[in-house]
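Inspection log for the structure reproduced underneath, given as structure tokens.
A note on names: the letters A, B, ... follow the listed sequences, proteins ahead of strands, and every chain is numbered from 1.
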There are 2 protein chains.
Amino acid sequence: MDTQTKILNTSISLFAQKGYEGASLADIAKLVGIKKPSLYNHFSSKDDILLTALEKVFKGYNEQFFQLITDKNSSVKATLYQIIIENAKMCWEDQDLILFYKRMLLFPPELLKERINEMNIRFEREFDEMMAGLFKESMNKGEIPAADIQPYVNSFNCLLDGIFTRSNIVDSFEKFEQIVEGSWQVYWNGISNEVK
Amino acid sequence: MDTQTKILNTSISLFAQKGYEGASLADIAKLVGIKKPSLYNHFSSKDDILLTALEKVFKGYNEQFFQLITDKNSSVKATLYQIIIENAKMCWEDQDLILFYKRMLLFPPELLKERINEMNIRFEREFDEMMAGLFKESMNKGEIPAADIQPYVNSFNCLLDGIFTRSNIVDSFEKFEQIVEGSWQVYWNGISNEVK
DNA sequence: GTCTATATAACGATAGAC
DNA sequence: GTCTATCGTTATATAGAC
């Protein structure tokens, strides 16, 4: 792996664990195995490292789920469930990636707030369009009641975010699994039944 | 307001906005209107300020919802909805309080991670017991199907957390309202209908 | 592309006068 | 209880040799 990639991966882990302000360039350099000033041969500043890493993570996240959707040949319900499970697995196992993603989204360093927000809007729109297509297909198949698409997308995003947050609060995998399963069942039950 | 309270309130805002590492004692002192060393007459360290502020916020959060539940004389559905709305309002209006709460929970400063986690477990248990009582009452009234209580509590917590996260990502109040309303309807529809 | 050495600024915390 | 002055440390970033 070349040095630049090594710096990015190390930074993602450290920014995820200690935050932008909490992770120093000295920390990063030490883990990469070079001295601090050498970082400046690959990136122009700490900001530069963060923004490059974030762009990479956003992109990877969307691509992962885009692939999951296009590769499928099962029911929309099964695909939605798979997205939930894949997301939950990421939250519990590859913690650093999604932790970094959400941390920078929720609590960006002050000076980069605007640029990070713009970046997110771009990727979130992409993700939402992908999900809207999926729900439309589900309606055509008669799996869910025909209605405005947006509430389906909104509540699904809300579910994904809730699962992420819960994954950081709960202390055992068993509890986390129960939360994911329970919340998914309530969600699917909620969108597939006609409103009383 | 006495100086100690002023320090706590200022710290909550600054820690919410800039994080523990990002908010300096100089920032806090300046906003309070005293010099940096004067802080040490009220608190023994920066950690001390944070832990005291966090204990205060945790307590206030639980008390607010506990009061909301005990004061009610309406259906459980209406009470649940009121909790959602109250929480959403907090997310959008009194941002700093809940932002500080969730920020320290999700991304605590490394050295205080364990103590903050212990603190949260204590308050989360209290909150969960409160919610479990509410769902039990709802079952007795026949509003929701009789079943294991825990999934009801878990999915409700997941919904609250999802709404918090969404509130930070979405850019307009209209969109946020749609998310809250849509997610609530899916949730209530999901728990009040028998599983197909 | 990596290093040593260093500039400059900010951090949390303390000493001691008033 | 608040202040000025300062300590010791660490931060990002740069200069310049190899």
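- Between C/dA10 and B/S24, no contact under 4.0 Å exists linking OP1 or OP2 to a side-chain N or O.
- Atoms CG (A/L111) and P (D/dA13) sit 11 Å apart, rounded to a whole Å.
- Both A/G22 and A/S44 lie close to DNA chain D; mapped to their nearest nucleotides by heavy-atom distance, the more 5′-ward contact belongs to A/G22.
- Computed from coordinates, the A/K46 NZ to D/dT14 C1' distance equals 17 Å when rounded to whole Å.
- For the pair A/A53 and A/L8, the tightest heavy-atom approach, listed with the atom from each and the gap, is N-CD2, 3.8 Å.
- Counting non-hydrogen atoms under 4.0 angstrom, A/S38 reaches a base of the nucleic acid.
- Separating the CD1 atom of A/I34 from the C1' atom of D/dA13 is a distance of 15 Å, rounded to the nearest angstrom.
- Protein atom CG of A/L50 is 12 Å distant from nucleotide atom P of D/dT12, rounded to whole Å.
- Comparing D/dA5, D/dA13, D/dT14 by their closest approach to the side chain of A/K36 singles out D/dA13.
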Please walk me through it: do A/M131 and A/I83 pass side-chain contact (heavy atoms from CB on, under 4.5 Å)? CA-CA 10 Å; A/M131 293 308 303; A/I83 293 174; 4.0 Å; yes
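- Atom NZ of A/K141 has more than 12 heavy atoms from other residues, nucleotides or ligands within 6.0 Å.
- Relative to the side chain of A/L25, the nucleotides D/dG1, D/dT12, C/dC11 differ in distance, and D/dT12 lies closest.
- Closest to the side chain of A/K35, out of C/dC3, D/dC3, C/dA13, is C/dC3.
- Heavy atoms of A/A29 sit nowhere under 4.0 angstrom from any nucleic acid atom.
- For the pair B/D27 CG and C/dA9 P, the computed distance is 18 Å after rounding to whole Å.
- For the pair A/Y20 OH and D/dA11 P, the computed distance is 13 Å after rounding to whole Å.
- Taking the side chain of B/P37 as heavy atoms from C-beta on, and the options D/dA5, C/dC3, D/dA13, the nearest nucleotide is D/dA5.
- Atom CZ of A/F173 has more than 12 heavy atoms from other residues, nucleotides or ligands within 6.0 Å.
- Whole-Å rounding puts the B/K30 NZ to C/dA10 P distance at 11 Å.
- In this structure, the OH atom of A/Y40 is 20 Å from the C1' atom of D/dA17, given to the nearest Å.
- Around CZ of A/R115, the count of heavy atoms belonging to other residues, nucleotides or ligands within 6.0 Å does not exceed 12.
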